[in-house]
Amino acid sequence: VSRPVILVTPDDATRASVGVERRVYDLNVVYCDAVAEAGGIPLVAPYSDDPEVVQGMVAVAGGLLLTGGGYDVEPALYGAPPHPALGTTKPHRTRFELSLWELARARRLPTLGVCAGMQLLNVAWGGTLWQDLPDQVPSATEHRQPFDRRQPSHAVRLAPGSLLARLSGRTELDVNSNHHQAVRDLGPGLQASGWSRDGVVEAMELPGDHWVVGVQWHPEMLAATAADPCPRAVYRGLVEAARHRGPG
Ligand SMILES: [Mn+2]
């Protein structure tokens, strides 16, 4: 069986060269490495507002990876006024990812949302976000670790029987953490499948036979530990689900 193509969304960035600022895509290489290592074919998906182009991308894909990045989802998308601590929004990126997700959802493409990608998935599904954990959830512990993200900084308790629990074979994972926002109300039908000790939702999934998972941490960056010898198991889950579904 051929290896499934997994669309990987890049971040929107700028780079100055000889005094001129250009828009560039920015993507941590480890996302693509994790997909390839899990048996998929990573394909970076450049932004487009042309529905035909977006459809063409989805048509060749077996799965979708919504990556994290240096942005916050626009609160207007979930009906909230902007909080003073709201970070940079990237409307072009978000618009593209929402159009990609709409088609992926219709075609039941297995989809993994990582960090901000999980938050975007939740909003796309009708959920809401905490715009700033330190301000809005004072009981939350520090979720922006000031050290190497290959190292974990907090634990996540997994819902028994969840996709993550089954993929990892664990009931608790040690994860890295680099976010100031988090899922507030889950989109209707989504289920929380992992929480940090302070109660912050760290993972979610869609029950049923459409494989949709969100993780608030970066499994692709984590080094193996005794508590979690295979932090990239969720990538294997994505690729396996894509392989079983097939392209188109
Ligand atoms: Mn966290």
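Counting starts at 1 for both ligands and their atoms, following the listed order. Throughout, numbering of the chain's residues begins at 1 and tracks the sequence.
Side-chain N/O atoms of S139 and D198 include no donor and acceptor closer than 3.5 Å.
The number of protein N, O or S atoms lying under 2.8 Å from the Mn ion (ligand 1) is 5.
Within 6.0 Å of the CD atom in E142, the count of heavy atoms belonging to other residues, nucleotides or ligands exceeds 12.
Put simply, the side chain of T88 never gets that close to the backbone of Y71: no donor and acceptor are under 3.5 Å apart.
Connection of V35 to L112 is established within a shared hydrophobic cluster, with ILVMFWY side chains joined at heavy-atom distances below 4.5 Å, either directly or through further cluster members.
With D12 as the partner, the side-chain hydrogen bond (donor to acceptor under 3.5 Å, both in side chains) test is satisfied by one option alone out of H92, K90, R23: R23.
Ring planes of Y25 and Y47: perpendicular class, angle over 60° (limits at 30 and 60°).
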